[in-house]
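The structure appears right after this line, and notes come after that.
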There are 2 protein chains.
Amino acid sequence: MARRVDHSPDELKKMILDAAEALVVTGGLSELSARKIAQKIGYAPGTLYNVYANIDALILTLNGRTLERLYDNLSRLPMNEIKDLGAVNENIEKLLVGYLAFIDDNRNLWRLLFDHVPASDETLPEWYDQKVSMLLNIVDEALRPILPGITSEEQREISATLWSSLHGIISLADKKKLGVVISQSSHKVCSLLITTFLNGLKDHEGFSGNIPKTIGGKSDD
Amino acid sequence: MARRVDHSPDELKKMILDAAEALVVTGGLSELSARKIAQKIGYAPGTLYNVYANIDALILTLNGRTLERLYDNLSRLPMNEIKDLGAVNENIEKLLVGYLAFIDDNRNLWRLLFDHVPASDETLPEWYDQKVSMLLNIVDEALRPILPGITSEEQREISATLWSSLHGIISLADKKKLGVVISQSSHKVCSLLITTFLNGLKDHEGFSGNIPKTIGGKSDD
DNA sequence: CTTGAATTCTGAACAGTGTTCATTATTGTA
DNA sequence: TACAATAATGAACACTGTTCAGAATTCAAG
């Protein structure tokens, strides 16, 4: 029953990805299987393996698309132009709210980003790291105004620190592994982290907050 | 081939857990299976289900034991007695180093804590949350000296924030999902977070960088 | 048109998974 | 010694990812 003409390889690739996504959206990772995808698109299971090396590769591709969507979401958020410490805090907060909204709208896809542990523990492909990097660029940009005097490597380090911290809070809250512990919503806890972290950057080398009327006491060493 | 006398139910329970642990230690979650456990202890697969409801329950029990071990490790660490901001920073750093060492020595068991996503997304049992809570108590205690004027709920919130932030950095680094992004070791990034976070607490209500002679309730809201 | 190579797709098969449960083997008790 | 209670079995069920010989279809050349 070959029907090469029905769908081009690229079409087929997209069909598979869409079917996989639909399954994940509906029932999470546990609902995803080669046979279910095949059944959904009207092909035999073996066909998937002409297009994707294995299910891990398929999931990685799907995760890439999710990262892209997240990027689109966050990069479209309106930001404060004025960029003193308070405004930067607000901007980061906006990114957080956007992120949390994205998670709310795409919970199972978002979970797939972290829940799925690929069999081979090799490093991720370059194109995947690229997409993560793009996301961090957004954080970089939001933070830059208060850290004019540091290298881009330091900058990236600080962004990554903040971002992965927020990830830690959100993901533990999602897994309910801090269930009893955090009565507050993860949003509130994240906000606490952001404020505290940014406040803590005050004494960092290269910091410049244009501190208007924030809380006083800037020490310098 | 029943041999009720060979091993008491409790013995059996421990044998299963030990076998499961050995499998995870050797080859990670993917090496764990009911049949392999059974084979390792010389029983049939069905026997496991007389003792554990299912594999998820078994893993949860195993994770509980891992949390206990981590607690034992961290609670035994020598801490600074002097408790100004610098000393507290050092103490948290010591906890971090202890944690990272534990991960290094028990990588696959530690991964199991977070990698395994139970089928049912019900909340975790109370005894599990308890163990997590015990761990956070350690962080609480380390932080308390600089935050004499806050409620224990706020205290716990701040500890959880810091701890889950560190978790986020470490776990993302472990998953290599920040591979290219963070060239630095996760230790250095965590240290940056700790220092910045503690520094950021300075302006927090109830903060006191000095040694509190008497813990006075000076919260004013 | 016809032939034949190239491509596309199939689906049975393999080795594995968690889990169940009727049977069987062993034990403690009467 | 007989019998109920318990403990353990292991085949069976419904899954999983993955492979690959062979069938179906398309395309190009003669």
For B:H7 and D:dA7, what is the distance between atoms NE2 and P respectively, to the nearest whole Å? 14 Å
Pick base, sugar-phosphate or nothing for A:L32, based on heavy-atom distances below 4.0 Å to the nucleic acid. sugar-phosphate
Value in whole Å for how far the P atom of C:dC21 lies from CG of B:L48: 16 Å
Can you classify the ring geometry of A:F114 versus A:H167 as parallel (below 30°), tilted (30 to 60°) or perpendicular (above 60°)? tilted
Nearest whole Å is fine: how far is C:dT8 C1' from A:I41 CD1? 13 Å
Checking all strands, does B:I37 fall into the base, sugar-phosphate, or nothing category for heavy-atom contacts under 4.0 angstrom? nothing
What is the nucleic acid contact for B:N54, judged by heavy atoms within less than 4.0 Å: base, sugar-phosphate only, or nothing? sugar-phosphate
Rounding to an integer number of Å, can you tell me how far B:D56 CG sits from C:dT19 C1'? 12 Å
Minimum-distance pair of heavy atoms, taken over all atoms of B:W163 and B:V139: CE3-CG2, 3.6 Å
Using the side-chain heavy atoms of B:K36, tell me which of these nucleotides is nearest: C:dG11, D:dT9, C:dT17. C:dT17
Could you state the CD-P distance from A:Q39 to D:dC15, rounded to the nearest angstrom? 12 Å
Just to verify, what does A:D140 make a salt bridge (Lys or Arg N to Asp or Glu O under 4.0 Å) with, not counting sequence neighbours? A:R156
Of the listed nucleotides (D:dT9, C:dT8, C:dT19), which one gets closest to any side-chain atom of B:A44? D:dT9
Rounding to an integer number of Å, can you tell me how far A:E31 CD sits from D:dT16 C1'? 13 Å
When the nearest nucleotide of DNA chain C is assigned to A:P45 and to B:A34 on a heavy-atom basis, which residue is associated with the more 5' position? A:P45
Nucleotide nearest A:Y49 when distance is taken to its side chain, options C:dC9, D:dT19, C:dG18: D:dT19
To the nearest angstrom, the NZ-C1' distance between A:K13 and C:dT8 comes to 16 Å
Nearest-Å distance for atom pair OH/P, residues A:Y43 and C:dT8: 11 Å
Using the closest heavy atom to pick a nucleotide of DNA chain D for each, name whichever of A:S33 or A:T47 lands nearer the 5' end. A:S33
Pair A:R107 + A:D174, salt bridge at N-O below 4.0 Å: yes
Just one of A:L96, A:V97, A:N89, A:I92 clears the side chain to side chain contact (heavy atoms under 4.5 Å, CB included) bar with A:S191, so which one? A:L96
Answer with yes or no whether B:R35 presents, from its side chain, a donor or acceptor under 3.5 Å of a partner atom in the base of C:dG16. no
